[in-house]
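Here the structure comes first, spelled out in C-alpha cells, and everything after it is commentary.
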Amino acid sequence: MRRLAKRPEGASLAGGALAARWKVMMMRSLLVVVFLLGLAACASPPDLAKAPAASPPVLGAFRGDPPATTAEAWAGRRSPLLRKAFLEAIYGQRPDLGQPTVESRETLAVEDVGDATVEQWTVRLGKAEPARRFHVILALPKATGRPAPLIILELFCGNRAAVPGHPESVVENRDILPAPCRSTTLDPVAKIFFGKRINGPDIAKVTARGYAVAMFYPGEIVPDDPDLAPAALAALQPGVPAERRGGALAVWSVMFSDAYDVLTADPRLDAARTAIWGHSRHGKAALLAAAFDPRFAAVIAHQSGRGGASLTHSGAGETVKQITDAYGFWFGAAYARQASQPATDLDQHQLIALIAPRPLLLGNAMGDGWSDPAGAFRAAQGADPAYRLLGSSGFNATDMDDFRPGDGIVWWSRGGGHGVTTEDWDAFLRFLDKAMPAR
Ligand code: GCU
C-alpha cells in the first residue's frame, strides 16, 4: 500500500475542516486503489523466461570464502559472512531493543472469534525512559491440554483493525498509523481492493484449525512514516553512526524475536512450533528476522517484493531507486547507493538461503508486478541448493501455478493484485499444517 498524506502528530482539526480532509483522503485512497486494481486486472502474468537467474550461485565462492560444500561450512563460515553483508549493504544493523517484559495481560470481550480467547498484552522493551512499549493481540484456540502452535504476525493497519468489531478496548495510537488506516470508514474500501484479510486473518478460522495467533503493529516502536521514523531510529541506536544505523525493517525484524521471547514463555504456546508471517513490507521484515533468528520453525513472506524475496537485480518491478526514494527509512543508508552501484555479489536468494532448511512460503499475485513475482521465483530457485545442502526438499515448483505445500520452499500464487485474501490464508494454513505438524 502506498502512503498517503500524513496528519501532523497531535494536530486537531475543527469539525468542518476534519470532514473535508477525510473526504479528500478518501477520494485519494479510492483513486489509488482503483489505479492499482486496474493495473492488476490488465497485467499479464510475469514472464519467467525473462527473469535472470539468481547470481552469484548460492554455494559458490563469496568474497574470499571458498565454495560451501558441507552443512558445517554453510553454518560455520558462509552464514555469518552473508548476515554481515546483508546488514552492511541493505538493512543496517539490527539493534538490541532491550529485554522484552510483559507489563500487563488482559482478556478482551470480543465477538465473532468462534471459540477463541482474545488477550491483549503490553510489552515493554528494556528500561529506557520514556518507556518503549508495543501491544500484542493474542488469540488462543480452545484449550486442548497441549501447547498450541503459534503464528506471529506484523500488522499494517494497527491492532484494532485486526480484531472483529474494532473494539475500543484494543489500545491504539491513530497518529502513528498509515493515513488510510486512521478511519474505520475506509475499512470496507480497503478490503474490496486489497482483500478481505488485509487487516488480519480470520481469527475464528485460524484458531479453529488449532493455531494461536499473535499480532502486533511494529510502528509502535518505529513509526512507518518517513517524517517520524528517523528520530525513533536514532533514539533506539544511540552512538551508532548514521551510516551503520538499522532502518525500520531491521527494527521490525527484531520485534518478531522480542515477541517470540515473551510469547513462548507462556506454557500455552509451543515454542518449537512457532511461525512468523508478514505481508509486503512486513514480509521483508519476516525474511530478515528468520535469516537471523533460528527459532522460528516456519516463515510466510507474502508479496515481499524488493528488499524481500525478489531479486534486487531482476530488472522488473519496483527499483532500488523507487523504494529508497519513497521508503529510505526502511533500510540502512547504504542501500540507496545500490541504485547506481549494485552489489553484484549479493542478492536476495542468499537471504532466503539463510532461512534454510526451515519451511518458507513465498506468496504472490500474478497482477502484482510491482513486487516482482518472477524475481521471487528466481530467488527461490537460487536458494534451493542451500536448502538441499541442509537436508530439505528445497524448491520444486516448475511454474507459477505449482503449489506444493509440503516442500522446503513453497511457491504460492493466485490471480489479482497486491493484498491478502481468504484464499491466501487457506494456502498459508495448508502450508503450516505441513511445516509444523503436531508432535
Ligand atoms: C509499497 C512499497 C513496497 C512495499 C509495499 C507494501 O508499495 O513500494 O516495497 O512492499 O508498499 O508494504 O505494501
Side-chain angles (χ1 to χ4, degrees), residues 1-6 28-29 31-40 43 46 90-91 153-158 161-162 176-181 186 189-191 193-195 197-200 217-219 222-226 229 247-253 255-256 276-289 300-314 316-332 335-336 338-339 348 351 362-365 367-376 379 413 416-421 424:
M1 275 198 199
R2 303 302 176 78
R3 232 186 109 252
L4 299 177
K6 185 182 78 67
R28 277 202 207 151
S29 305
L31 283 175
V32 170
V33 286
V34 167
F35 173 71
L36 289 177
L37 201 78
L39 275 185
I90 301 185
Y91 303 103
L153 283 90
E154 291 193 353
L155 298 165
F156 178 79
C157 251
I176 56 162
L177 292 180
C181 303
L186 282 182
V189 183
K191 285 184 178 162
F193 291 103
F194 293 110
R197 307 295 6 150
I198 187 65
N199 291 339
Y217 181 60
V222 174
D224 192 2
D225 183 311
L249 290 173
V251 173
W252 298 342
S253 77
M255 290 178 73
F256 272 116
I276 55 174
W277 178 100
H279 171 234
S280 212
R281 62 200 67 186
H282 303 121
K284 307 180 208 295
L287 290 170
L288 182 60
I300 298 173
H302 187 51
Q303 302 171 334
S304 60
R306 192 67 57 242
S310 299
L311 294 173
T312 307
H313 307 300
S314 88
E318 185 175 22
T319 62
V320 173
K321 175 150 176 40
Q322 283 165 328
I323 199 170
T324 52
D325 280 354
Y327 303 100
F329 67 99
W330 287 353
F331 301 94
Y335 191 41
Q338 288 212 32
Q348 300 304 104
L351 185 75
L362 300 178
N364 298 273
D368 183 18
W370 185 248
S371 82
D372 184 19
S413 133
H418 199 65
V420 191
T421 65
D424 289 331

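The structure displayed is predicted, hence computed values, not measured ones. We count ligands from 1, going down the list as the structure has it; atoms in each ligand are counted the same way.
- Taking OG of Ser304 as the start and CG of Leu287 as the end, the distance is 5.0 Å to the nearest 0.5 Å.
- In terms of the side chain to side chain contact (heavy atoms under 4.5 Å, CB included) criterion, residue partners of Leu155 (sequence neighbours excluded) are, by chain and number, Asn159, Ala162, Met215.
- With a 4.0 Å cut-off on non-hydrogen atoms, Trp370 touches ligand 1 through its side chain and not its backbone.
- Note: no N/O pair closer than 3.5 Å links Trp330 and ligand 1 by distance alone.
- Distances below 4.0 Å separate heavy atoms of Ile323 from the following atoms of ligand 1: 9 (O).
- Residue Lys284 has at least one heavy-atom neighbour below 4.0 Å for each of these atoms of ligand 1: 3 (C), 4 (C), 9 (O), 10 (O).
- Every atom of ligand 1 with a heavy atom of His418 under 4.0 Å away is listed here by number and element: 6 (C), 13 (O).
- Within the 4.0 Å heavy-atom cutoff, Tyr327 counts among the residues contacting ligand 1.
- By the 3.5 Å distance cut-off applied to N or O atoms, Glu318 is counted among the residues near ligand 1.
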- Message: Pair His279, Phe156 - check side chain to side chain contact (heavy atoms under 4.5 Å, CB included), show working.
- Response: CA-CA 8 Å; His279 171 234; Phe156 178 79; 5.9 Å; no
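- Between the side chains of His302 and Ser280, not a single donor N or O lies within less than 3.5 Å of an accepting N or O.
- Remark: the Asp224 side chain and the Trp252 side chain contain no N/O donor-acceptor pair separated by less than 3.5 Å.
- Qualifying side chain to side chain contact (heavy atoms under 4.5 Å, CB included) partners for Ala336, counting only residues two or more places apart in sequence or in other chains: Thr324.
- Within ligand 1, counting atoms from 1 as listed, the ones closer than 4.0 Å to a heavy atom of Ser280 are 4 (C), 5 (C), 6 (C), 10 (O), 12 (O), 13 (O).
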